Asks: 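Dropping the structure in here first, questions after.
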Amino acid sequence: MENTKYIFVTGGVLSGVGKGITAASIGAVLQSQGVKVSIQKCDPYLNVDAGLLNPKEHGECFVTKDGAETDLDLGHYERFLNLELTQKNATLSGKLLSQLIADERAGKFGGRTVQLVPHLTGAIQDAIELAADGQVHIVEIGGTVGDYEGLSFVEAIREFSMRVGRENCMYVHVVYVPFISTSKEFKTKPAQNALNDLRGFGITPDCVVVRTDEPAPHSTAEKIASFSGVASDGVILLPNARTVYEVPLSIASSGIHKVLQRFLPIGEAVPEMKSWRELVSHVHAENTPIVNVGVVAKYLDNEDTYISVLEALKAAAWHDKLQVNIVWINAETAAEEDFAAVDALVVPGGFGERGVEGKIAAARYALTHNKPYLGICLGLQVAVIAAARMSGLEQANSSEFNPNTPHNVIYIMEGQAGKESTGGTLRLGDYPAVAVAGSLVEQLYGSLHITERHRHRYEVNRQFEAAFNSGGLIVSGTSPDGKLVEFVEAKNQNFFVATQAHPEFRSRPHNPHPLFVGLIRATEAAQAGTR
Ligand code: GLN
């Protein structure tokens, strides 16, 4: 896009200090000043996408509307900036390299040698330009500067300033400053080294964001400024926030707008950020009713695996001036007492057999105890299995977990179109659905026509519909041709809804998703009834 300004966000010292949240928050501050923002994640991994990355290690695989399987930072971006991103916004080395190698094989380089510089660095720059779709395009570079595999990206963003002009590029480096409790000192040395590393690659940042666990004194910023050649008002202190949704407020009041003002024609006034202030006041509201939601899951040691589901639950609760208390229920050991101890149950998406019986048991418990239930993707499949078993089909299962079951109530459909991946075809990204008139699903969405994102291989086998109907579940939404089951719900229950899709990806902190709002509301109403 012509006249686009670019903000590059890199990290130093260590990873995991909130570079993605910082990038998204800078975007939120600019949006509040009327700037149209776009955003992109560049990841040096050699993976082609995040589809096969282990969620236990990397957290959730976020899915865009056009079916890109990405890193969870795209989820932060979508939530903070209320955007719907696409393939273009997630750039991994593997994706660019495989294209380069394919082009080389196709003879597109006319006999020239193909090299990381300039070919990969050029491809990175092209990918950045292609994704830019605002007045300001923010680009986060994954990992930390100096990582061997990230060198091409750092070189690419340096070269980029020659492509579009240095005045159109702003470099933000996010560093971590530890506090040494024995000497009661903030130690800036690792940050200084990280800034030296960046300058060694030819980039002097315009802004340094200093992450600390506790608030640091101004002298910390001054020290970093004097050692790094960055103007002292370009060093921003960003201590830990109680919630990530506070970070846009911290960024707005941090003085970064002075740096932004030199870079962009934005007003002098510190942005108001009213909607964020309101959101944070709900997050911290005290003495509000608490809803205990049990999440039946198998990756219990990394909450990032279910981050969009958790954020969707929280957003729905805050919206109704409630708090949600997430209770983790281990799918592998789950027992009735665990289900009884919570006010509502959520079974999120998942792949593979481990823990699935516990999830089926959760759905059965919800069906037989009128416990509010929201099933997401696998959470719909286990509900169908539970209902079919309750109707007498004891061997009912998904062919994912028992390929030989005679009652494959969840199965792989012949001729399904989608992305070929290990072991089958994935239905990925946005698909339309039509709700059954008069269903709870129609009521919740306020429409018969629904679009949600998908990521799954298996489908409900409608040959067994009579069986799961008699177990208490009805189909309440299908694909427009009526073939694929998109929603099921239980009649005569407070709230029992499941979807084959992943509604959590479209929930926003300022605009929670109707299925999550429905669950939280029904749960609170049931609680209020018993108080
Ligand atoms: N494993 C199931 C499938 O592939 C569910 C996937 C999911 O929950 N995202 O259909």
Side-chain angles (χ1 to χ4, degrees), residues 49-56 58-65 67-72 75 295-299 304-310 312 331-332 345-360 362-363 373-386 388 396-403 405 408-431 433 452-462 464 468 478-479 483-488 497-507 513 515-516:
D49 61 35
L52 301 177
L53 288 175
N54 181 354
K56 186 174 168 185
H58 291 273
E60 158 187 288
C61 172
F62 187 81
V63 181
T64 60
K65 65 176 178 179
E69 296 175 280
T70 76
D71 157 286
L72 54 76
V295 178
V296 189
K298 66 177 177 184
Y299 298 114
D304 277 355
T305 310
Y306 304 101
I307 185 162
S308 291
V309 173
L310 301 188
E332 288 187 274
L345 288 163
V346 171
V347 176
F351 290 81
E353 198 194 345
R354 187 161 67 83
V356 84
E357 286 301 324
K359 296 178 187 179
I360 297 169
Y373 178 94
L374 177 61
I376 298 170
C377 204
L378 180 61
L380 173 140
Q381 299 176 355
V382 295
V384 169
I385 296 169
N397 214 330
S398 164
S399 46
E400 180 177 9
F401 314 125
N402 178 3
T405 173
N408 56 342
V409 297
I410 307 294
Y411 72 148
I412 295 230
M413 255 191 163
E414 289 285 307
Q416 175 160 299
K419 174 187 164 184
E420 277 303 322
S421 187
T422 50
T425 305
L426 273 176
R427 194 143 75 96
L428 278 170
D430 269 359
Y431 281 87
E452 292 286 5
R453 300 184 201 170
H454 288 245
R455 182 177 184 243
H456 61 106
R457 295 194 178 90
Y458 295 82
E459 304 287 347
V460 173
N461 185 348
R462 298 195 79 173
F464 293 101
F468 62 79
T478 64
S479 54
K483 288 193 180 136
L484 302 172
V485 173
E486 293 284 6
F487 293 92
V488 298
V497 176
T499 166
Q500 190 58 78
H502 285 278
E504 69 273 24
F505 296 144
R506 297 184 63 219
S507 171
H513 191 284
L515 292 186
F516 290 87

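When a ligand or atom number is given, it counts from 1 through the structure's own listing order. Since this is a predicted model, take the numbers as computed values, not measurements. Because only heavy atoms are used, hydrogens play no part in the values below, and waters and symmetry mates are left out as well, while side chains stay in.
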Asks: His454: what forms a ring pair (Phe, Tyr, Trp, His ring centres under 6.0 Å) with it, not counting sequence neighbours?
Replies: Tyr431, His456
Asks: Write down the atom of Ala433, the atom of Phe487, and the distance for their closest heavy-atom approach.
Replies: CB-CE1, 4.1 Å
Asks: Mind checking side-chain hydrogen bond (donor to acceptor under 3.5 Å, both in side chains) for Ser479 and listing every partner two or more places apart, or none if nothing turns up?
Replies: Asp481
Asks: Side chains of Glu60 and Ser308: donor-acceptor distance under 3.5 Å anywhere?
Replies: yes
Asks: Can you list, by chain and residue number, every protein residue with a non-hydrogen atom closer than 4.0 Å to ligand 1?
Replies: Gly349, Gly350, Phe351, Cys377, Leu378, Gln381, Glu400, Arg455, His456, Arg457, Tyr458, His502
Asks: Sequence neighbours excluded, which residues qualify as side-chain hydrogen bond (donor to acceptor under 3.5 Å, both in side chains) partners of Glu400?
Replies: none
Asks: Atom CD in Glu357, atom CD1 in Ile385: separation rounded to 0.5 Å?
Replies: 8.0 Å
